[in-house]
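Okay, structure first, notes after.
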Amino acid sequence: MEPTQFKHFINGEFVGSAKTFEKRRPSDNALVGYIHEGGQAEVDAAVAAGRAAMKGPWGKMTVEQRTELLHKVADEITRRFADFVQAEMNDTGQPKSMMEHAMIPRGAANFKIFADVVKNVPTESFMMPTPDGAGALNYAIRVPKGVIAVVCPWNAPLLLMTWKVGPALACGNTVVVKPSEETPASATLLGEVMNAVGVPKGVYNVVHGFGPNSAGEALTKHKGVAAITFTGETRTGTAIMKAAADGVRNVSFEMGGKNAGIVFADCDLDAAIEGIGRAAFLNCGQICLGTERVYVERPLFDKFVAAMKAKAESLKPGAPEEKTTGLGPLISDEHKRKVLGYYDKAKAEGATIVTGGGVPQMAGELANGNWVQPTVWTGLPETASVVREEIFGPCCHISPFDTEDEVIDKANATEYGLSTTIWTTNLARAHRVAAKVDVGITWINSWFLRDLRTPFGGSKQSGIGREGGVHSLEFYTEMRNICVKL
Ligand SMILES: NC(=O)c1ccc[n+]([C@@H]2O[C@H](COP(=O)([O-])OP(=O)(O)OC[C@H]3O[C@@H](n4cnc5c(N)ncnc54)[C@H](O)[C@@H]3O)[C@@H](O)[C@H]2O)c1
Ligand SMILES: O=C/C=C/C=C(\O)C(=O)O
């Protein structure tokens with residue numbers, strides 16, 4: 001394939017940098033293209049474009065005009081569906097079916113849903129008494145904040161980026177996106193979409209590059225940025241929060257997790273295996289909401305472990321475009337080494353390896369890809385590294401529990417608090433346990449079922465704030481109270 005040049009998208013134009021670095025395909029490490037590395041100069045230009053756009057036609061649009069334009073963005077993503085599928089497959093190596101059924105449709109939906117939310121949300125008003133008896137009327141209006149920095153990870157590039165760009169633009173802001181250095185393609189392609197439907201220049205900007213001493217740091221430290229929304233590792237969030245302290249900018253963070261799956265003996269076993277199997281292995285385990293710790297009520301334990309073994313072994317690793325592919329590769333060779341490091345640690349700490357634990361045999365060019373086996377462990381104490389730390393690979397540790405209180409304590413014994421998935425047919429118990437697990441998102445008898453109007457985010461070190469529906473408006477707008485003496 002002809003190498004692609006992944007350029008920045010600044011003020012409606014694709015611009016390059018002197019420095020570039022390689023993008024390779026996770027499935028076989030073939031060269032996809034060159035990513036231009038932005039720094040201070042590119043970030044300065046993008047932020048300036050974003051600020052200028054707030055004062056131009058974009059800033060003057062009515063809500064109806066703006067939201068209509070965002071519907072056109074969504075429709076253009078759908079029209080260029082095949083291009084987005086290909087871009088995202090090259091970037092992540094994940095199966096085509098997942099791109100077609102989840103990732104790309106969500107990219108379009110993220111523009112439509114927030115356009116509709118913004119159009120329909122009411123505001124608050126209060127009448128108050130005054131000494132002269134005439135009273136006063138308070139009402140609040142929402143105004144955009146300005147240029148929003150959107151710092152993105154690599155695991156669901158289009159979905160996670162548009163989840164923030166959609167509401168930011170719907171609220172009338174402009175954005176500067178810093179895609180992950182691993183996944184430049186869909187953010188770049190979205191620049192073409194913006195131009196095609198006539199989004200004014202400077203509204204959507206993209207600067208490629210790395211984090212520290214590169215585009216990410218320059219963007220999050222930039223004084224012209226009004227607020228920062230970030231998805232990624234908790235450690236990175238810590239660095240960004242320090243950068244945001246200068247100038248006292250608001251942050252919204254969606255970060256790591258070590259999510260517990262809780263399975264009671266009265267569950268529908270087939271459904272639970274299907275759900276927990278997806279939570280452990282979908283996207284090759286590279287989903288923040290995934291489950292790397294599974295707790296199973298003791299009477300069901302052996303049967304559940306056997307079924308998870310069968311589930312893991314049924315997933316056929318393969319090229320993204322193959323219909324039979326059940327499992328993609330990890331994002332990079334570096335991440336593969338990290339995950340395999342945990343596979344070694346699990347062994348060293350005395351795990352029983354139920355299945356996997358190594359690298360699958362791949363044929364031809366695929367042998368050069370970042371493949372690891374889906375892996376299930378049992379037998380480790382709660383203190384073991386693979387039970388405590390976020391691995392972000394296709395693996396889980398399963399342990400038995402005896403009582404509800406015990407499993408709640410175990411689920412909560414982590415610095416993270418993103419999500420949980422609970423499997424039981426006892427409704428009272430489902431509600432009871434759900435209320436006690438300290439996370440932002442709980443699924444009962446399901447996993448990753450998403451209504452975009454609901455609050456989404458993590459507690460403890462998994463995040464700050466909530467996005468989704470009206471909650472996104474809280475972050476992407478400033479509320480201004482106007483008091484009128486009558
Ligand atoms: N909670 C959620 O919704 C959610 C969703 C997806 C992924 N995640 C988390 O993301 C992580 C995987 O993604 P990742 O490895 O790309 O995360 P990462 O934190 O390494 O990188 C995310 C982004 O931050 C940038 N960055 C890195 N250092 C920076 C700095 N000092 N200043 C500014 N920007 C910087 C990177 O270049 C990249 O664009 C996992 O921990 C996962 O749990 C969370
Ligand atoms: O890997 C993380 C996936 C997160 C999903 C969302 O942020 C979402 O569904 O909005």
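Remember, it's 1-based here, ligands and their atoms both numbered in the order they're listed.
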### Task
Consider ligand 1: state whether an atom of it lies below 4.0 angstrom from any non-hydrogen atom of Phe253.
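Flag not set, Phe253 not near ligand 1.
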### Task
Say whether Leu159 and ligand 2 are in contact under the criterion: heavy-atom distance to a ligand atom below 4.0 Å.
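It does; at least one heavy atom falls under 4.0 Å.
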### Query
Non-hydrogen atoms of Glu467 versus ligand 2: any pair closer than 4.0 Å?
no
So which protein heavy atom does [atom] come closest to, and at what separation?
{"atom": "atom 3 (O) of ligand 1", "value": "Glu254 CB, 3.3 Å"}
{"atom": "atom 6 (C) of ligand 2", "value": "Phe456 CZ, 3.4 Å"}
{"atom": "atom 12 (C) of ligand 1", "value": "Phe392 CE2, 3.6 Å"}
{"atom": "atom 9 (O) of ligand 2", "value": "Arg450 NE, 2.6 Å"}

### Task
State whether Tyr34 and Lys7 meet the cation-pi test: NZ (Lys) or CZ (Arg) under 6.0 Å from the six-membered ring centroid, and within 45° of the perpendicular axis.
no
### Query
Counting both backbone and side chain atoms, is some N or O of Gln286 under 3.5 Å from an N or O of ligand 2?
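It does not: no N or O of Gln286 is found under 3.5 Å from an N or O of ligand 2.
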### Query
Is Glu390 close to ligand 1, meaning an N/O of one under 3.5 Å from an N/O of the other?
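Yes: some nitrogen or oxygen of Glu390 is under 3.5 Å from one in ligand 1.
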### Sub-3.5 Å N/O-N/O distance, Trp154 and ligand 1
yes
### Task
Determine whether the aromatic ring centres of Trp163 and Phe114 lie less than 6.0 Å apart.
yes
#### Entry: Pair Trp377 + Tyr342: ring centers closer than 6.0 Å
no
Determine the minimum heavy-atom distance between [X] and [Y], stating which atoms define it.
{"X": "Val43", "Y": "Val207", "value": "CG2-CG1, 4.1 Å"}
{"X": "Lys460", "Y": "Thr414", "value": "NZ-O, 2.8 Å"}
{"X": "Asn90", "Y": "Lys23", "value": "O-CE, 3.7 Å"}

Among [options], which one puts a heavy atom closest to [atom]?
{"atom": "atom 19 (O) of ligand 1", "options": "Ile287, Leu219, Thr236", "result": "Thr236"}
{"atom": "atom 33 (C) of ligand 1", "options": "Ser180, Pro153, Gly216, Gly257", "result": "Gly216"}
{"atom": "atom 37 (O) of ligand 1", "options": "Glu181, Met255, Lys242", "result": "Glu181"}
{"atom": "atom 8 (N) of ligand 1", "options": "Ser462, Cys288, Gly463", "result": "Cys288"}
{"atom": "atom 3 (C) of ligand 2", "options": "Cys288, Gly468, Ala156", "result": "Cys288"}

### Query
Atom NE2 in His397, atom OH in Tyr295: separation rounded to 0.5 Å?
8.5 Å
### Message
Using a 4.0 Å heavy-atom cut-off, which part of Asn155 comes near ligand 2: side chain, backbone, both, or neither?
### Response
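Within the 4.0 Å criterion, Asn155 contacts ligand 2 through side-chain atoms alone.
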### Query
Backbone, side chain, both or neither: what part of Leu160 comes under 4.0 angstrom of ligand 2, heavy atoms only?
side chain
Ligand 1 atoms in contact with [X] (distance to a heavy atom under 4.0 Å):
{"X": "Leu418", "value": "1 (N)"}
{"X": "Phe210", "value": "37 (O)"}
{"X": "Lys178", "value": "36 (C), 37 (O), 38 (C), 39 (O)"}
{"X": "Phe230", "value": "19 (O), 22 (C), 23 (C), 24 (O)"}
{"X": "Thr220", "value": "32 (N), 33 (C)"}
{"X": "Pro179", "value": "39 (O)"}

### Task
For the pair Phe21 and Phe210, evaluate ring pair (Phe, Tyr, Trp, His ring centres under 6.0 Å) and give the outcome as yes or no after the intermediate values.
CA-CA 10 Å; Phe21 58 99; Phe210 298 94; 4.3 Å; yes
### Query
Using the ring of each side chain (for Trp, its six-membered ring), is Phe14 parallel, tilted or perpendicular to Phe9, with breaks at 30° and 60°?
tilted
### Region of Asn155 engaging ligand 1 - heavy atom pairs below 4.0 Å
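The answer is the side chain of Asn155.
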### Pair Tyr416, Glu390: side-chain N/O donor-acceptor within cut-off below 3.5 Å
no
#### Entry: The single option from Thr375, Ile398, Val376 passing side-chain contact (heavy atoms from CB on, under 4.5 Å) against Val354
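It is Val376; the other options fail the test.
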